[in-house]
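All values below come from the heavy atoms of this structure, side chains included, with hydrogens, waters and symmetry mates left out. Everything quoted here is computed from the prediction, not taken from an experiment.
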Amino acid sequence: MLDTADFTARLREIIAEHLPLEGPLLPILHAVQAEWGHVPEAAVPVIANALNLGRAEVHGVVTFYHDFRHVPAGRTVVKVCAAEACQAQGGRDLVQATLKAFGLKDYGTTLDGKVTVEPIYCLGLCACGPAALVGDRLLGRATAQSIGEEVLS
Amino acid sequence: MKIYVPRDAAARSLGADKVANAIVLEATKRGVTVELVRNGSRGMVWLEPLVEIETAQGRTAFGPVTVADVPALLDAPDTHPKAQGPVELIPWFAKQTRLTFARVGLIDPLSLSDYEAHGGLAGLRRALEMDGDALIDEMKLSGLRGRGGAGFPTGIKWDTVRLAQADQKYIVCNADEGDSGTFADRMLMEGDPFTLIEGMAIAGVTVGATKGYVYIRSEYPDAIHQMSEAIRIARMNKLLGPSLLGTGPAFDMEVRVGAGAYVCGEETSLLNSLEGKRGTVRAKPPLPALQGLFGKPTVVNNVISLATVPWIFANGAQAYKDFGLGRSRGTIPLQIAGNVKFGGLFETAFGMSLGEIVNDIAGGTATGRPVKAVQVGGPLGAYFPVSKFATPFGYEEFDGQGGLIGHAGIVVFDDSVDMLQQARFAMEFCAVESCGKCTPCRIGAVRGVETLDRIAQGDAAAMPLLVDLCDTMRDGSLCALGGFTPYPVMSAVTQFPDDFARLREAAE
Ligand SMILES: Cc1cc2nc3c(=O)[nH]c(=O)nc-3n(C[C@H](O)[C@H](O)[C@H](O)COP(=O)(O)O)c2cc1C
Ligand code: SF4
Ligand code: FES
Ligand code: FES
């Protein structure tokens with residue numbers, strides 16, 4: 001559980017840091033997610049207040065974008081490219097093999113919370129696919145094995 | 001000893017960082033002093049990590065280099081099995097016309113002096129001596145059209161913004177590059193970020209804008225890093241700031257990071273996103289040129305459009321216009337991807353045929369199987385069969401064949417591809433990424449997936465439904481996400497009918 005006082009204090013700091021920007025909401029949400037691994041529900045009213053926006057409006061923005069999480073992900077996030085250029089290089093098989101390697105039936109987080117597997121639509125590595133992102137590490141010509149090794153490293 | 005190891009994301013994804021570390025380590029062991037430059041990529045992705053060693057005869061290439069190759073690279077480069085010869089003589093590279101990408105891979109991306117030594121800032125210096133009319137005339141004469149997909153003449157867009165009266169105007173660079181099969185924006189920003197800064201500054205001078213934003217997708221952390229660093233360095237050296245290069249008007253810029261929404265590449269959705277709103281598409285009019293970011297006149301241009309501007313001003317509009325075909329002037333950075341032997345970034349004048357690109361430049365498929373389909377222009381682009389390989393690469397030429405060039409991504413598939421699955425994916429992608437504003441797109445795409453599943457199960461009656469659905473999406477969508485998804489879907493249906501009939505026969 002987040003300590004409420006600490007949480008709010010840190011959140012206010014983040015907001016203050018970005019408030020001078022034109023259109024500060026997305027930068028604030030990115031910073032919040034970088035800090036807590038997701039955008040906690042409790043952050044919404046505080047941000048809304050500081051930006052003179054309605055809660056519903058901020059909530060609407062958070063839910064619109066695929067990047068913002070409502071709950072924290074697993075310890076390592078594996079994003080496998082599911083877009084066309086990677087499909088042409090065996091990407092569909094890589095998605096299945098990766099899910100299988102982590103014992104998942106579908107995209108999501110393993111029961112032990114160690115790994116989250118998600119699709120991503122293009123990493124700009126389309127000439128060396130199939131591509132994957134493990135944490136912040138890019139993998140070209142990825143295999144379930146190279147992804148597994150990267151998760152462990 | 002000067003050695004280049006790209007820090008381009010594709011090179012890094014193939015182990016460039018480990019190779020760079022190994023070079024430093026092995027050099028230290030040998031007591032050799034190495035000056036290591038992390039350059040951009042030369043675009044020959046199948047050779048990445050492509051290491052270059054500077055010699056008296058120029059830069060020699062080695063690739064693809066692994067950590068195990070490094071000791072021999074330092075001891076006996078001349079006889080190294082991965083030696084590729086002088087990098088600029090590698091035929092794939094030598095065949096290109098690199099204008100926009102001239103410096104990518106050549107220079108240290110974050111060295112402003114390297115940038116200037118290779119022709120950087122000449123365009124801006126010339127632009128600062130021209131008046132507004134002359135600047136616009138130069139842009140119009142160049143024939144440059146938007147490289148983000150729609151192909152709108154850049155000079156005309158700028159003129160609209162220039163003539164608008166407002167206390168504040170903006171230059172917004174669209175670096176959302178969401179199309180599968182494209183990476184030109186990424187490579188440019190990682191390999192020569194000052195070019196984009198210079199292009200945006202010239203745009204600012206031309207239209208009277210003092211503030212610029214580069215909206216980069218969050219999937220591109222390396223590009224975000226390089227652009228942010230370059231902007232910081234440009235500001236420190238008074239290139240950007242209260243007076244461009246100390247003599248011009250004010251211009252400054254910032255990087256903003258997207259949040260994983262494909263539709264935010266659509267310009268009005270992008271503006272909403274920059275303003276901190278949901279990335280829904282705005283109805284046009286008003287044009288962003290008149291009421292764009294925060295309601296102010298705004299130039300929205302793709303990375304490649306803006307990054308080509310410095311070349312045009314440095315070398316003259318006529319020189320640029322002299323390249324190309326028909327109404328497609330200048331060069332286009334082709335991004336060759338998917339199942340190919342030689343993939344990467346190939347900049348060339350418009351006009352090369354699709355067949356030449358796929359067979360000669362890309363060398364056919366990596367799997368060695370026959371090519372079946374080529375998707376050109378991203379997820380909203382049509383699938384081309386081999387029978388259309390004579391189509392020359394140009395806006396009108398592809399339009400005439402029921403396709404589009406989009407951002408010039410070329411994705412090759414071999415004969416193992418199931419086109420019904422590809423059509424289904426196009427609908428699925430549209431459903432996932434729809435901004436939700438219009439029904440044909442939001443609901444239509446979901447119906448499209450269901451309808452294709454029925455066809456896959458052999459339900460012949462579903463085919464007319466799919467055709468109707470595509471018509472409705474094409475005619476009733478506000479933007480090209482819903483409006484163009486029928487391109488990949490219907491091109492798959494009409495060009496590859498066997499993939500849609502096969503299962504039907506099996507069911508009968
Ligand atoms: C769904 C959708 C996605 C788009 N994605 C991009 C993109 O990622 N990058 C881009 O430059 N243009 C994209 N566009 C085109 C832009 O709306 C706009 O035409 C372009 O940024 C204008 O710049 P240009 O004239 O320099 O091409 C997209 C359009 C649509 C409808
Ligand atoms: S076509 Fe789709 S993405 Fe475009 S405005 Fe309509 S709902 Fe939004
Ligand atoms: S912001 Fe409320 S659940 Fe995501
Ligand atoms: S399609 Fe997978 S990286 Fe571009």
Side-chain angles (χ1 to χ4, degrees), chain A residues 18 21-31 33-34 39 47 51 53 57-69 79 81-92 118-134 136-142 146 150, chain B residues 9-10 12-14 45-46 48 177-183 185-187 211 218-223 254 256-262 264 273-280 293-294 335-340 343-345 366 375 378-379 409 411-414 417 421-422 425 429 432-433 435:
Chain A
H18 294 92
L21 299 176
E22 292 184 306
L25 183 52
L26 254 65
I28 289 174
L29 294 174
H30 274 303
Q33 178 146 312
V39 179
I47 296 170
L51 267 50
L53 297 169
E57 205 173 327
V58 175
H59 182 84
V61 171
V62 175
T63 50
F64 182 86
Y65 295 96
H66 300 306
D67 278 1
F68 299 129
R69 299 180 185 283
K79 297 188 183 189
C81 181
E84 292 92 332
C86 285
Q87 291 167 5
Q89 302 170 80
R92 290 176 193 270
E118 293 176 341
I120 192 164
Y121 296 101
C122 193
L123 288 158
L125 306 177
C126 330
C128 54
L133 181 68
V134 178
D136 61 0
R137 225 87 64 87
L138 290 166
L139 295 182
R141 292 190 209 106
S146 70
E150 200 60 56
Chain B
R12 296 185 71 202
S13 82
L14 297 169
V45 175
W46 78 97
E48 293 290 0
E177 196 164 64
D179 289 1
S180 164
T182 67
F183 40 82
D185 298 352
R186 177 183 70 63
M187 285 193 151
K211 180 86 207 225
S218 60
E219 293 86 346
Y220 282 0
D222 293 284
E254 255 176 59
R256 283 299 170 86
V257 179
Y262 175 74
C264 285
S273 184
L274 269 178
E275 291 179 10
K277 300 178 181 148
R278 294 164 66 92
T280 45
L293 188 60
F294 302 109
Q335 298 129 83
I336 302 173
N339 188 344
V340 289
L345 186 133
Q375 188 177 29
V411 178
V412 177
F413 292 79
D414 73 11
V417 66
Q421 281 305 315
Q422 296 312 114
F425 176 80
F429 184 74
V432 172
E433 299 296 336
C435 85

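- Heavy-atom distances place the backbone of B/E275, and not its side chain, under 4.5 Å from chain A.
- If you measure heavy-atom distances from A/L21 to chain B, the contacts under 4.5 Å come from both the backbone and the side chain.
- Separation of the A/Y121 and B/F429 ring centroids falls under the 6.0 Å cut-off.
- When each of B/G258, B/G181, B/P221, B/G279 is checked for heavy-atom pairs under 4.5 Å with chain A, B/G279 comes out on top.
- For the atom pair SG of A/C81 and CD of B/E219, the computed distance is 10.0 Å after rounding to the nearest 0.5 Å.
- With a 4.5 Å cut-off on non-hydrogen atoms, B/Q335 does not touch chain A at all.
- Ranking B/V417, B/L274, B/V257 against chain A, the residue ahead of the rest is B/V257, based on heavy-atom pairs under 4.5 Å.
- Not one N or O on the side chain of B/R278 forms a donor-acceptor pair closer than 3.5 Å with the backbone of A/F64.
- With rounding to the nearest 0.5 angstrom, the NE2 atom of A/H66 is 3.5 Å from the CD atom of B/E433.
- Heavy-atom pairs under 4.5 Å with chain A peak, among B/G378, B/G338, B/A337, at B/G338.
- Interface remark: B/P379 contributes backbone and side-chain atoms alike to the contact with chain A (heavy atom separation under 4.5 Å).
- Interface residue A/R92: only side-chain heavy atoms are found under 4.5 Å from chain B.
- For B/V432, the parts sitting under 4.5 Å from any heavy atom of chain A are the backbone and the side chain alike.
- In this structure, the separation between CZ on B/R256 and CD on A/E22 is 7.5 Å, given to the nearest 0.5 Å.
- Contact annotation for B/V411: only side-chain heavy atoms (C-beta onward) come within less than 4.5 Å of a heavy atom of chain A.
- Put simply, CD on A/Q89 and CG on B/D414 are 10.5 Å apart, with the number rounded to the nearest 0.5 Å.
- B/D222 touches chain A through its side chain: at least one heavy atom from C-beta onward sits under 4.5 Å away, while N, CA, C and O do not.
- With a 4.5 angstrom heavy-atom cutoff, A/I120 touches chain B only via side-chain atoms.
- For the options B/S13, B/G276, B/G343, heavy-atom pairs under 4.5 Å to chain A are most numerous at B/S13.
- Residue B/R12 holds its CZ atom at 11.0 Å from CG of A/L125, rounded to the nearest 0.5 Å.
- Using modelled atom types, no side-chain atom of B/S180 and backbone atom of A/C122 make a donor-acceptor pair closer than 3.5 Å.
- Of the inter-residue distances, the one linking A/L53 atom CG with B/K277 atom NZ reads 9.5 Å to the nearest 0.5 angstrom.
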